[in-house]
Each structure stands twice: as structure tokens, then as C-alpha cells.
Protein chains: 2
Amino acid sequence: MRNRKAGYGLCQGDNAYGCPVEATLDVIGGKWKGVILYHLTGGTVRFNEFRRLMPGITQRMLTLQLRELESDGLIRREVFQEIPPRVEYSLTDLGRTLEEIILAMRAWGEKYQRLSARDGAAEDAGR
Amino acid sequence: MRNRKAGYGLCQGDNAYGCPVEATLDVIGGKWKGVILYHLTGGTVRFNEFRRLMPGITQRMLTLQLRELESDGLIRREVFQEIPPRVEYSLTDLGRTLEEIILAMRAWGEKYQRLSARDGAAEDAGR
DNA sequence: CCGGATCCCAAATGATACTG
DNA sequence: CAGTATCATTTGGGATCCGG
């Protein structure tokens with residue numbers, strides 16, 4: 001992901017990028033993007049709020065992911081020049097178009113996450 | 001992804017795994033999973049068919065991803081003992097529960113992929 | 001409080017050759 | 001046809017220190 005060169009992993013008769021599914025996954029994939037977007041569906045979130053919401057993420061990764069999402073036009077970053085400083089993140093209109101997918105993913109995760117926990121619970125799943 | 005140890009990237013008050021969105025992304029994320037599942041929404045696909053559908057993927061990666069999807073109970077692998085051998089892949093019932101998300105991702109990719117192509121087209125997106 | 005910069009490791013992905 | 005096996009590379013992610 002991230003490497004948007006060209007002629008990368010094009011599938012079937014699709015154009016240069018790859019199939020649309022790949023494009024979407026490139027934007028919301030990775031370990032944190034989806035979770036970040038999910039938290040933003042609830043409204044504006046501050047930098048350190050994210051850190052509380054996602055204890056596992058490092059400052060570096062949080063900054064990186066936020067920058068990429070911003071660069072992709074999915075989120076907006078507003079800096080308030082105060083003491084102490086404050087930075088708020090929120091979804092752009094483009095970002096909001098992803099809400100449906102994000103929420104669908106959340107719903108799926110809630111339902112099936114335990115079924116496919118890879119620790120040997122996938123038996124009765126198929127067939 | 002893939003490392004389903006424990007206390008990994010838990011977010012907010014969620015349980016050990018992490019938030020549901022993360023769980024879902026863990027299952028369909030990565031560079032190929034989503035695309036593989038997408039092609040399977042059209043019906044059964046054979047191994048070398050996948051290779052034609054996804055020219056960018058190597059045999060090794062294809063095998064790996066298929067095995068993980070199978071292990072997660074999302075796809076079914078059927079071996080036909082013939083000469084020449086034949087192996088068909090298809091969605092399980094569990095896998096089919098992802099169709100909605102996959103197709104939503106495809107739709108999003110088709111619509112917005114060019115807007116957020118990271119090559120400086122994300123200007124007018126927000127605001 | 002909100003990061004940027006640097007160094008480093010582990011995991012994901014890829015190239016290539018070989019096989020039942 | 002449908003894979004394994006091995007090796008090399010790229011990338012994601014983390015630790016830590018520094019700065020406005």
C-alpha cells in the first residue's frame with residue numbers, strides 16, 4: 001500500500017491502479033486507519049484523545065496515519081494557536097462517504113470476530 | 001495484522017482484541033485479501049484463474065492469502081483429484097457475509113479513487 | 001500539548017527455482 | 001495445474017529523544 005506508482009497490482013481488465021477494492025483498501029487499510037476513521041464517525045477528536053482511544057498506537061504512527069488520511073482528503077486538521085496548543089481532527093465530506101463502510105466493518109467485526117479468531121473456531125463456519 | 005496475540009492494539013473500552021473495525025480489517029486487509037474476496041463474489045474461481053485476474057500477485061502470495069482466508073473460514077477449497085489437477089475456491093456462508101462490505105468498497109473505489117489519488121487532487125475534497 | 005527526527009526490528013510481500 | 005521452498009527486499013510499526 002501507499003505506493004501508488006502505476007501498473008502495480010492491476011486485476012482483470014481494470015485500469016492502471018488495480019481494482020477498485022484495492023484502491024479502497026489502500027486508503028482505509030493498514031493497522032490504524034480504519035480505527036481512526038471509526039472514532040471520527042462520532043465527531044471531532046483531539047490528538048491526545050486518540051492516544052487514549054487507542055492505547056496501542058505510538059505517537060509516531062498516529063501522526064503518520066493522520067497525515068496520510070489528511071493527504072488523502074478524508075480528514076481535516078484544525079490547529080488552534082493557544083497555550084496549551086490544541087489540534088482537532090474531523091471527517092471531511094469525502095471522509096464521510098466512507099462512514100457506511102466503516103460502520104459496516106464495525107458491525108461485521110462485532111458479529112463474527114469471535115467465530116474466526118484463528119484459534120480453531122472456524123470449523124463449523126463453512127459447509 | 002495476522003498477529004492475533006493479545007492485548008495488541010486495543011482501543012477504547014473494547015475487549016482484548018481491539019475494536020471491531022480492527023478485527024474486520026485484520027481479516028480482509030492486506031494487499032490481496034479484499035481483491036480475492038471480490039473476485040469470489042462472482043462465483044467459484046480456480047487457482048490459475050486468480051493469477052490471470054491478478055497479474056501482480058505471485059504464486060506464493062496467492063497461496064498464502066488463500067490459505068489464511070480458508071483458515072479464517074471465509075473461503076472453501078475443493079480439490080478435484082484428476083489429471084491435470086483442479087482446485088476450486090468459493091465463498092463459505094461466513095465469507096458471503098462479507099459481500100456487502102466488499103461490494104461497498106468496490107463502489108467507493110470506483111467513485112473516489114481518482115479524487116484521492118495522492119497526486120494532488122485532494123484539495124477541493126474537504127472544506 | 002502536539003508533534004518531528006532518527007534508529008531499528010519484525011512482518012509483509014516479492015523473485016525465482018523446483019515439484020507431485 | 002497447483003502448488004513448495006528459499007532467498008531477498010520492502011514496508012509497517014515501535015522506541016526514544018528532541019523541539020516549538
Side-chain angles (χ1 to χ4, degrees), chain A residues 1-5 7-11 18 22 25-36 44-71 75-90 118, chain B residues 1-5 7-11 18 22 25-36 39 44-72 75-90 118:
Chain A
M1 306 169 188
R2 274 314 98 188
N3 244 349
R4 299 205 174 133
K5 306 301 180 187
Y8 198 57
L10 48 161
C11 67
E22 191 184 350
L25 272 175
D26 190 32
V27 162
I28 66 176
K31 192 173 176 183
W32 307 108
K33 298 265 192 76
V35 183
I36 290 174
T44 296
V45 179
R46 296 182 53 178
F47 188 86
N48 275 4
E49 270 188 89
F50 275 122
R51 297 190 62 192
R52 276 188 292 277
L53 293 168
M54 305 181 282
I57 198 173
T58 59
Q59 278 191 331
R60 172 189 144 83
M61 285 315 295
L62 182 53
T63 301
L64 251 70
Q65 305 295 308
L66 287 171
R67 286 282 141 64
E68 288 197 354
L69 289 170
E70 188 190 2
S71 169
I75 68 175
R76 175 171 28 245
R77 177 172 181 264
E78 291 182 281
V79 183
F80 296 82
Q81 270 303 357
E82 326 171 331
I83 307 283
R86 180 162 58 109
V87 179
E88 290 188 348
Y89 296 90
S90 56
R118 169 61 53 87
Chain B
M1 307 168 187
R2 277 309 99 189
N3 244 347
R4 301 204 171 133
K5 305 301 180 188
Y8 198 56
L10 48 161
C11 67
E22 192 183 349
L25 272 174
D26 190 32
V27 163
I28 65 175
K31 191 173 176 181
W32 305 107
K33 298 266 191 77
V35 183
I36 289 175
H39 288 306
T44 297
V45 179
R46 295 180 55 175
F47 189 85
N48 273 6
E49 271 189 86
F50 275 122
R51 297 189 62 192
R52 277 188 290 277
L53 293 168
M54 303 181 284
I57 199 171
T58 59
Q59 277 190 329
R60 171 190 146 82
M61 283 314 296
L62 180 54
T63 302
L64 252 72
Q65 305 294 307
L66 286 171
R67 287 283 140 69
E68 288 195 356
L69 289 170
E70 187 191 4
S71 169
D72 277 337
I75 69 175
R76 179 174 22 250
R77 177 173 181 265
E78 291 183 282
V79 183
F80 296 82
Q81 269 303 358
E82 328 170 332
I83 307 285
R86 180 160 58 109
V87 179
E88 290 187 348
Y89 294 90
S90 56
R118 168 64 51 87

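- Listed candidates were C:dG14, C:dG4, D:dG14. Nearest to the side chain of A:Arg67 is C:dG4.
- Checking the phosphate oxygens (OP1, OP2) of C:dA11, no side-chain nitrogen or oxygen of A:Lys31 falls inside 4.0 Å.
- Contact check for A:Met61 versus A:Lys31: no side-chain heavy atoms found under the 4.5 Å cut-off.
- In this structure, A:Gln65 places its CD atom 15 Å from P of D:dT11, rounding to the nearest Å.
- Within the 3.5 Å criterion, the main-chain N or O of A:Gln59 finds a donor-acceptor partner in the side chain of A:Thr63.
- Between the CG atom of B:Asn48 and the P atom of D:dA2 there is a distance of 5 Å, given to the nearest Å.
- Side-chain atoms of B:Leu66 and B:Phe50, non-hydrogen and from C-beta on, do get closer than 4.5 Å to each other.
- Relative to the side chain of A:Thr63, the nucleotides D:dG13, C:dG3, D:dC1 differ in distance, and C:dG3 lies closest.
- Whole-Å rounding puts the B:Arg51 CZ to D:dG3 C1' distance at 10 Å.
- One finds no salt bridge joining B:Arg52 and B:Glu49 here, because no Lys/Arg side-chain nitrogen approaches an Asp/Glu carboxylate oxygen to under 4.0 Å.
- In the set C:dG14, D:dA2, C:dG3, C:dG14 carries the atom at the smallest distance from any side-chain atom of B:Arg60.
- The distance between atom CD1 of B:Ile36 and atom C1' of D:dA2, rounded to the nearest whole Å, is 15 Å.
- Nearest-nucleotide positions on DNA chain D for B:Val87 and A:Leu64 put B:Val87 closer to the 5' end.
- When rounded to the nearest whole Å, the span between CE of B:Met61 and P of D:dA8 equals 19 Å.
- Rounded to whole angstrom, the span from the CG atom of A:Leu62 across to the C1' atom of D:dG14 amounts to 13 Å.
- Distance A:Phe47 CZ to D:dG20 P: 18 Å, rounded to the nearest Å.
- Regarding B:Ile57, its CD1 atom lies at a distance of 14 Å from the C1' atom of C:dA15, rounded to whole Å.
- A close approach under 4.0 Å does occur between a side-chain nitrogen or oxygen of A:Tyr89 and OP1 or OP2 of C:dG3.
- Using a 4.0 Å heavy-atom distance criterion, B:Glu49 is classed as making no nucleic acid contact.
- B:Gln59 has no side-chain polar atom (N or O) that falls below the 4.0 Å cut-off from OP1 or OP2 of C:dA15.
- Here the CD atom belonging to A:Glu68 is positioned 8.5 Å from the CG atom belonging to A:Asp26, to the nearest 0.5 angstrom.
- Looking at the side chain of B:Thr58, the nearest of the listed nucleotides C:dC1, C:dA15, C:dG3 is C:dA15.
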